[in-house]
S.K.: 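I'd like to ask some things about the structure below.
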Amino acid sequence: MEITKNMENAVNVHMNEELASEYLYLAMSAYFEGENLKGFANWMKKQANEERAHAMRFYSYLFDRSGAAIFDAMKKPAVKWSSPLAAFEAAYKHEKYITGCINKLHDTAMKAGDKATMSMLKWFIDEQVEEEASAKEIVDKLKMVGKSVNGLMMLDQALGKRE
Ligand code: FEO
């Protein structure tokens with residue numbers, strides 16, 4: 001069944017949120033590159049790629065339902081963060097915001113009786129649990145590391161291994 005105009009708009013709003021997430025994490029990756037924390041930069045770059053993949057799921061879904069993908073203007077992300085911890089706290093906060101957006105979109109689909117969109121969103125509801133957990137894990141580790149340069153270097157090395 002073709003997607004309704006209202007649901008098409010709501011899905012597009014969220015597709016753009018995923019693209020904005022990609023943009024934010026790329027900006028964070030650039031911040032880490034500038035700090036010579038290559039492992040952190042790698043983690044953020046891989047995260048940005050994931051966000052692009054998330055956006056593309058919505059993009060394909062819109063066409064599968066005979067809708068259209070419509071792109072918004074992108075908000076300028078920050079250039080710098082005060083510390084690696086501040087950047088990851090911002091990332092964690094952002095993931096909680098995205099979870100809220102997914103939940104709202106699911107509510108909209110439920111009210112509209114759009115079972116296909118509800119079913120598609122199931123993957124994202126599960127994914128957000130992981131997204132929040134992985135950002136929080138790094139926030140917690142950065143707090144443990146505190147001001148230890150050795151600890152920061154070890155964490156940088158570990159994050160550099162993210163495929
Ligand atoms: Fe696409 Fe990090 O949520």
Side-chain angles (χ1 to χ4, degrees), residues 3 7-33 35 37-65 67-110 114-143 155-156 158-163:
I3 198 163
M7 280 311 301
E8 181 192 60
N9 289 341
V11 172
N12 266 297
V13 166
H14 194 76
M15 179 189 74
N16 280 278
E17 289 286 4
E18 296 289 349
L19 290 170
S21 305
E22 179 193 12
Y23 217 48
L24 171 67
Y25 294 137
L26 266 182
M28 287 180 174
S29 183
Y31 154 69
F32 284 119
E33 291 279 0
E35 299 291 307
L37 289 166
K38 302 284 188 198
F40 282 90
N42 171 67
W43 193 95
M44 280 295 177
K45 211 184 291 168
K46 298 285 154 60
Q47 187 60 33
N49 291 345
E50 253 197 37
E51 301 304 348
R52 164 64 67 90
H54 291 171
M56 292 312 288
R57 276 180 178 252
F58 287 101
Y59 175 98
S60 300
Y61 178 74
L62 283 162
F63 289 107
D64 286 347
R65 294 283 311 279
I70 297 154
F71 296 88
D72 286 339
M74 210 61 85
K75 209 175 88 191
K76 187 176 189 289
V79 177
K80 269 186 112 46
W81 283 264
S82 58
S83 64
L85 177 59
F88 269 91
E89 275 176 334
Y92 180 39
K93 189 174 163 204
H94 182 72
E95 286 304 327
K96 286 193 273 191
Y97 165 73
I98 293 293
T99 301
C101 294
I102 299 267
N103 290 343
K104 225 167 67 189
L105 184 56
H106 191 273
D107 287 347
T108 306
M110 198 154 67
D114 186 339
K115 292 189 169 53
T117 301
M118 286 162 66
S119 173
M120 182 270 293
L121 287 173
K122 165 90 173 64
W123 184 89
F124 281 95
I125 292 166
D126 296 339
E127 173 73 3
Q128 278 312 116
V129 174
E130 271 186 41
E131 290 281 87
E132 285 190 32
S134 55
K136 172 137 193 321
E137 186 187 334
I138 300 169
V139 165
D140 290 347
K141 283 184 176 157
L142 280 166
K143 282 181 181 166
L155 193 51
D156 189 54
L159 297 184
K161 293 199 172 89
R162 181 177 183 182
E163 292 299 329

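Along the sequence shown, residues carry numbers from 1. One-based numbering, in listed order, for ligands and for the atoms of each.
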S.K.: Are the charged groups of Glu127 and Arg57 less than 4.0 angstrom apart, N to O?
M.R.: no

S.K.: Below 2.8 Å, which protein N, O or S atoms neighbour atom 1 (Fe) of ligand 1, ignoring water?
M.R.: Glu18 OE1, Glu51 OE1, His54 ND1

S.K.: Could you verify whether a donor N or O on one side chain and an acceptor N or O on the other, from Glu51 and Gln47, lie under 3.5 Å apart?
M.R.: yes

S.K.: A quick test of your reading: do over 12 heavy atoms of other residues, nucleotides or ligands sit less than 6.0 Å from NZ of Lys104?
M.R.: no

S.K.: Find out whether the Lys NZ or Arg CZ of Lys96 is both under 6.0 angstrom from the six-membered ring centre of Tyr92 and within 45° of the ring's axis.
M.R.: yes

S.K.: Report the distance from atom CZ of Phe40 to atom CG of Leu155, rounding to the nearest 0.5 Å.
M.R.: 4.0 Å

S.K.: Is the side chain of Asp72 donor-acceptor paired with the backbone N or O of Asn16 at a distance under 3.5 Å, no angle test?
M.R.: no

